[in-house]
**Q** 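Before anything else, here's the structure in question.
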Amino acid sequence: MRTTGLKYTIKTTQLFIGNRFVDSLSSITPRLLLNPATGKPLAEVTEGSSEDVDRAVSSAQEALQGEWGEWNGRQRRDALNLLARTLSENVEELAYLESVNAGKPLAEAHWEINESIECFKHFSGYADKIRGSSYQVDNGLHSYTVREPAGVCGLITSFNYPLLLASWKLAPALATGNTVLLKPAPQTPLTALAVARLISDRDIFPKGVVNVVTGGASVGEAISKHALVDKCSFTGSTHVGKQILAHSAATNLKRVTLELGGKNPLLVAEDANIAQAVEEVFVAAFSNAGQNCCAGTRLYLSEKIHEEFLAKLQQKLSHVLATTDLEHPDCQYGPLIDERQYTKVKGFIDRARAKYNSLESNAPQATGGYFIEPTVFYGVDDDAEIAQEEIFGPVLTVLKPFKEFEEALERANRTQFGLAAGLWSKDPKKIAMFSRRIQAGINWVNCYNISNPYMPFGGFKLSGLGKDLGKEAIDEFTRVKSVTVAE
Ligand code: NAD
């Protein structure tokens, strides 16, 4: 299928196995991708099967035992730097593909691709610095540890930040000498396939080091159940994350990293800079149309600033430009990913409307794709559905205001999730109390949504196991061997 009217041709829509683009071994109907902003067809992409996963795992195993297994850290460092340079040279095309495939404003897609490039650069620096430790315990014995690659890694990602989430896993996995089978989300495979093409064109890694098998749950299941996959790093919902862990337990006990859902609290104290907090709360709740695992969706306001804050938020809501033209320089806000997500989010909104008041946007709304306007409910009870369930759409829930800061902290922790949290306050005591008591893996004070490859990223409770990014990601993708040698 050739789609007309696109700025860049979609060149690769097949599976990438052993450095070649190939059809699936099974006759599965290709997936038709629609542009979420317009609902119009974008491309037809091959979907893989469990036989294709077998092929990709064999290819990854051969690479591990072949030339790649002999590469030293400097070679891996240089390859990752070459990959980062190659992505930079193609940033316009990659950002465009991400924008039309995931329904992002082009400016946001640019940010995402640039962050992905930063991630490859960052982890290239680790590639030649992987080390173990030595121990001086008993005379006559020399004891030390060696950090080895985990092996064949299955990387399964969600649709919301397609290339960024893939790069958070690919970069540390490759820096530490693993081979990989990447399964992007079925809705958003285009940038992963474009990167595979660049890897192949520039001959960046030996054959079989990077494989991409597109498809949905059945491909993900085949990876997480595969007895020859040594490590599975997953980003997605808590529901599927639990299945991945169960698959590991039922098969080869492959190591598992889980980056899962969130219902993240935002606390604004009476001493906060309100104007700044309104701007940042807005971005926390509505960037990527709320399809962000770290989206700040439960807002706790001090009763002393409650009215003022809501009035300012209302003004902010009235100036959001959502348009089907994602390339428009002022486009701030895109659609949801697909009809399924649209219907799910609408359901949450309709049920909440029957019970709670909401702030309405007066800004003109885009029509034609899967757009839902930013929606703010206020005066909501802590145990309401919209205060407890992850919606993954543009819905901000303002809870009943708090009197004491300690009360706000205790209420913020009353959730099964523990991914991210935010606080706006100038009071060092409140900041210290927040950082000590909040039950979340990623925390921001007087800012939000700032992530860097050097900071570990991952949640507590039902939000996940293990970390992406940081030095911790090196640990996730390596295994430690201890060796004792007698003199
Ligand atoms: P999802 O769980 O439906 O799908 C994620 C991936 O898992 C996709 O590639 C999908 O094809 C695959 N999959 C589906 N069923 C599977 C199965 N049974 N076995 C193996 N793989 C399977 O999630 P989604 O809708 O793509 O993404 C939204 C979710 O991801 C939200 O809950 C969000 O919070 C979470 N998320 C978390 C982070 C994080 O870093 N913590 C980041 C982004 C998104």
Side-chain angles (χ1 to χ4, degrees), residues 1-10 13 30-45 47 92-113 116 157-166 184-194 214-217 235-237 283 285-293 295 320-349 361 363-375 390-395:
M1 170 185 167
R2 284 256 168 254
T3 316
T4 51
L6 291 179
K7 202 161 164 188
Y8 292 92
T9 319
I10 296 170
T13 54
R31 178 179 289 261
L32 175 65
L33 302 180
L34 304 178
N35 179 335
T38 60
K40 295 199 176 131
L42 197 57
E44 273 183 355
V45 174
E47 299 255 284
E92 297 298 330
E93 179 180 352
L94 291 167
Y96 181 81
L97 286 182
E98 200 77 305
S99 168
V100 291
N101 189 187
K104 287 169 192 278
L106 189 59
E108 267 189 48
H110 258 278
W111 169 86
E112 189 190 324
I113 305 302
S116 308
T157 51
S158 64
F159 68 80
N160 54 333
Y161 291 96
L163 191 59
L164 187 63
L165 297 175
Q187 305 95 322
T188 52
L190 293 185
T191 44
L193 292 173
T214 44
T235 298
S237 61
V283 173
F286 300 123
S287 65
N288 214 33
Q291 298 167 117
N292 175 5
C293 56
V320 187
L321 179 64
T323 154
T324 52
D325 177 9
L326 299 173
E327 290 179 65
H328 192 294
D330 297 329
C331 175
Q332 293 163 295
Y333 187 79
L336 299 188
I337 189 68
D338 57 17
E339 189 169 358
R340 186 165 159 265
Q341 193 63 16
Y342 176 90
T343 309
K344 189 182 127 200
V345 174
K346 272 279 184 209
F348 277 108
I349 292 176
S361 166
Q365 296 304 312
T367 50
Y370 306 118
F371 285 89
I372 293 185
E373 64 188 277
T375 307
E390 184 186 43
I391 298 173
F392 223 55
V395 181

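Values below: every heavy atom of this structure, side chains too, minus hydrogens, waters and symmetry copies.
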**Q** If you look at every heavy atom in P184 and T214, which pair is closest and at what distance?
**A** CG-CG2, 4.1 Å

**Q** Could you tell me the separation between the CZ atom of F348 and the CZ atom of F392, rounded to the nearest 0.5 Å?
**A** 12.0 Å

**Q** Holding to side chain to side chain donor-acceptor pair (under 3.5 Å), I want the full list of residues that pass it with N101, two or more places apart in sequence or in another chain.
**A** none

**Q** Tell me if a side-chain donor or acceptor on E98 pairs with a main-chain N or O of T191 at a distance below 3.5 Å.
**A** no

**Q** Hey, does the Lys NZ or Arg CZ of K104 hover above the aromatic six-ring of Y161, less than 6.0 Å from the centre and inside 45° of the axis?
**A** yes

**Q** Using the test side chain to side chain donor-acceptor pair (under 3.5 Å), find all partners of E93 that sit at least two apart in sequence or belong to another chain.
**A** K11, R197

**Q** Considering only heavy atoms from C-beta outward, does the side chain of E390 approach that of S237 to under 4.5 Å?
**A** no

**Q** Residues in salt bridge (Lys or Arg N to Asp or Glu O under 4.0 Å) with E327, at least two apart?
**A** K7

**Q** Does Y96 reach the main-chain N or O of A109 with its side chain, forming a donor-acceptor pair under 3.5 Å?
**A** no

**Q** Less than 4.5 Å apart, any side-chain heavy atom of P189 and any of L33?
**A** yes

**Q** For the side chain to side chain contact (heavy atoms under 4.5 Å, CB included) test, which of L97, T157, I337, N160 pairs with T188?
**A** I337

**Q** What pair of heavy atoms forms the shortest contact from R31 to P186, and how long is it?
**A** CD-O, 3.3 Å

